[in-house]
Amino acid sequence: MNRRLVLLGLLAAALVALPAFAGPYALSVATLILYFAYAGQAWNVMMGFAGQLSLGHSLYVGVGAYTAGALYFHFGIGPWAGLWVAIAACVAFALVIGFLAFRFGISGVYFALLTIAFAEFTRIGFDHLAWTGGPGGMFLRVEQRETWDLANFRGPPAMYYYTMLALAAGAFALCAALVRSRAGYYWQAIRENEEAAQALGINTFRWKMLAVAISAAMTAVSGVFFAFYYNNLFPEQIFHISRSIEIILGPIIGGLGTLFGPILGAAVLTLLSDGVTELLAALGIETPGIKQVFYGLLLLVVVMFLPHGIWPPIARRLRL
Amino acid sequence: MDWTLVANVVAAGLLTGLVYGLMALGLSVIFGVVRVVNFAHGEMMTVAMYAAVALFAAWKWDPFLAMLPVALAFFFLGYLLQAGLINPFITRPEHSQFMLLVAVAIIMVNALLMSFGPDARNVQVDYQLESFEAGPLLLDKARAYAAGAALAAAAALFAFFRYTLTGKAIRACADNWLGAKVIGLDVKRLYALTFGLGSACVAVAGCAMVLLVDVSPPLGPYYTLLAFVIVIVGGLGSMGGALLGGVLIGVSEALAGLFITPSAKSMFSFGLLILVLLLRPQGLLGRRA
């Protein structure tokens with residue numbers, strides 16, 4: 001236990017100190033890693049803990065981003081107020097989907113396909129919503145980049161980095177608490193054997209709904225960050241199924257249901273993707289698609305030979 | 001409202017829907033037997049479409065001629081894919097299978113991007129501009145032929161499963177995996193065979209589809225989603241359901257394109273999917289597992 005805390009402390013210290021050493025490019029990569037670590041953690045609550053496979057988490061990223069973005073764009077309402085509206089909107093979406101799915105006993109592959117269907121449905125809906133710019137996208141005004149303006153969430157790259165670091169750390173702590181809470185134990189029981197859990201008197205419907213709601217609320221926050229970090233939103237991009245896949249790659253590669261898996265998975269995948277880009281640039285190869293082919297091959301190898309992800313064997317090696 | 005126009009749109013949707021149905025039939029057969037959802041299905045479809053484009057560009061082969069060698073090649077590729085990659089994943093959890101096939105899909109789409117570039121490609125044959133006249137209806141010749149090929153391939157597959165010993169053995173595997181093993185069936189080989197057959201369906205559908213639409217790499221994920229919608233609406237694992245679902249989606253897309261706006265047509269399909277999942281999750285013609 002103490003070894004764990006020491007290692008975690010060292011990692012935290014390194015992450016806090018990083019902007020002092022890193023250049024702007026490295027800092028943006030680190031921010032991206034933390035973003036995926038956070039989103040992966042959120043998804044992991046639903047799949048890793050409660051065993052409900054969602055392939056449509058881009059829905060919550062998108063709804064979160066568009067809600068906060070539109071409030072800022074149309075009414076000048078800042079991200080801190082918009083955040084709560086975004087969370088409420090995403091939780092409402094999640095509860096509707098969860099209610100419909102779980103009431104009608106939809107699970108497994110069917111549930112996964114239902115989540116895709118809702119995400120796609122919403123994507124096409126936003127494509128036709130003139131209020132948010134439709135397919136042409138919505139652009140938030142970019143201003144003063146030098147000083148920290150936390151109220152409007154405008155500032156230098158380090159501000160976004162620290163925000164994402166705080167979010168990722170918060171998600172880690174929340175998940176660590178959740179997995180040892182009553183809800184966490186119920187979720188794991190449902191994940192392992194839903195009928196047995198029900199026979200033990202666990203109200204599986206209610207606890208699954210809770211998992212979906214928490215996961216959606218956490219993902220909504222990443223959506224708000226997305227909106228104010230990138231400042232432009234396109235339905236085609238943000239709701240696309242590849243965005244959902246991006247989110248879930250980290251936890252699966254890192255180790256499903258583990259606390260550290262999503263973080264490690266996000267780091268490995270982002271660095272890998274960047275490494276391949278750099279390597280190809282150094283070799284002077286510019287064929288479009290070759291990077292993704294590499295990426296796909298690596299993914300294939302990991303999925304085939306490390307079925308439980310990268311983190312569990314490392315944890316054993318480090319005796320954690 | 002001009003009813004001839006509506007009738008023509010419905011007829012065109014129905015014919016395209018049959019090609020969709022054949023594509024989805026491949027997915028449905030694979031899921032029904034192997035119990036793995038092929039997340040690379042649409043990507044396989046686009047590979048077949050590009051194969052037809054390449055054969056046309058190289059030797060001016062009509063896509064209906066290219067259909068045969070492409071289907072044969074796809075059968076072997078599908079067989080190898082199942083025997084080499086997917087069989088070891090049969091007992092793994094769903095998300096693991098999902099990741100495997102997503103990786104395969106990513107590789108396929110981007111390999112296409114590498115070899116053919118991002119621009120849309122098509123095949124131009126002279127009968128694409130001709131049409132059959134049936135009373136008030138005008139049916140595109142290419143579309144009618146494509147639907148005919150789809151129906152023929154589907155009929156061949158139906159006959160194979162109903163009348164041949166191998167087909168019956170595959171159905172036995174689907175019904176009771178353990179029982180099939182007990183009576184000495186080589187389940188893994190039959191799975192590979194099934195995946196090969198499903199892939200051949202996709203190949204035929206792809207070669208037919210290339211006459212109706214332009215092909216570009218992003219079409220892959222789109223067709224994967226479309227195939228999911230169709231099989232779920234029809235009933236995952238049900239062969240007749242896949243064809244019915246294909247026709248329903250084909251017609252509803254065509255009508256949505258006419259009455260609302262073409263870009264909203266898939267919203268219609270996804271809405272239908274959500275309704276079916278909620279009200280009849282086993283699909284219109286599916287049986288409860």
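Chain letters run A, B, ... following the sequence lines, proteins first and then strands; every chain starts at 1. Hydrogens, waters and symmetry mates play no part in the numbers below; they use all other heavy atoms, side chains included.
Most heavy-atom pairs under 4.5 Å with chain B: of the set A:Ala112, A:Gly108, A:Ala117, A:Pro135, this distinction falls to A:Ala117. Note: B:Ile107 leads B:Val37, B:Val104, B:Ile107, B:Ile232 in heavy-atom pairs under 4.5 Å with chain A. Highest contact tally toward chain B, considering only A:Ile253, A:Val302, A:Val293, is held by A:Val293 [criterion: heavy-atom pairs under 4.5 Å]. Of all the listed residues (A:Ile245, A:Leu298, A:Ile116, A:Ile290), the one sharing the greatest number of non-hydrogen pairs under 4.5 Å with chain B is A:Ile290. Most heavy-atom pairs under 4.5 Å with chain A, from the set B:Gly271, B:Ser115, B:Ala103: that is B:Ala103.
Contact annotation for B:Leu112: neither backbone nor side-chain heavy atoms come within less than 4.5 Å of a heavy atom of chain A. Of the two parts of A:Leu256, only the side chain, counted from C-beta on, holds a non-hydrogen atom closer than 4.5 Å to a non-hydrogen atom of chain B. Only the side chain of A:Met47 comes within contact range of chain B, with at least one heavy atom under 4.5 Å from a heavy atom of that chain. Contact of B:Phe268 with chain A is not made at all, since no heavy-atom distance falls under 4.5 Å. For A:Ile252, the part lying near chain B is the side chain, with the backbone staying farther off; criterion is any non-hydrogen pair under 4.5 Å.
Side-chain N or O atoms of B:Asn110 include none that pairs as donor or acceptor with a backbone N or O of B:Leu113 at under 3.5 Å. The main-chain N or O of B:Glu43 is found under 3.5 Å from a side-chain atom of B:Thr46 such that the two form a donor-acceptor pair. Looking only at distances, no side-chain donor or acceptor of A:Trp187 sits under 3.5 Å from a matching main-chain atom of A:Val179. Between the side chain of A:Gln188 and the main chain of A:Gly184, a donor-acceptor pair closer than 3.5 Å is present.
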task: Show the numbers, then the answer: is there a side chain to side chain contact (heavy atoms under 4.5 Å, CB included) between A:Leu299 and B:Met99?
output: CA-CA 8 Å; A:Leu299 195 62; B:Met99 293 303 301; 4.2 Å; yes

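Around NE2 of A:His128, the count of heavy atoms belonging to other residues, nucleotides or ligands within 6.0 Å exceeds 12. In the displayed structure, B:Phe89 atom CZ is contacted under 6.0 Å by more than 12 heavy atoms of other residues, nucleotides or ligands. The local environment of CZ in A:Phe234 is crowded, with over 12 non-hydrogen atoms from other residues, nucleotides or ligands closer than 6.0 Å.
Residues A:Trp43 and A:Met218 are not in side-chain contact: their nearest non-hydrogen atoms beyond the backbone lie 4.5 Å or more apart. Put simply, the side chain of A:Phe93 does not reach to within 4.5 Å of the side chain of A:Phe118, judged on heavy atoms.
A search for ring pair (Phe, Tyr, Trp, His ring centres under 6.0 Å) contacts involving B:Tyr50 returns B:Phe116, not counting sequence neighbours.
At a heavy-atom separation below 4.5 angstrom, chain B is approached by A:Leu53, A:Leu55 within residues 48-58 of chain A.
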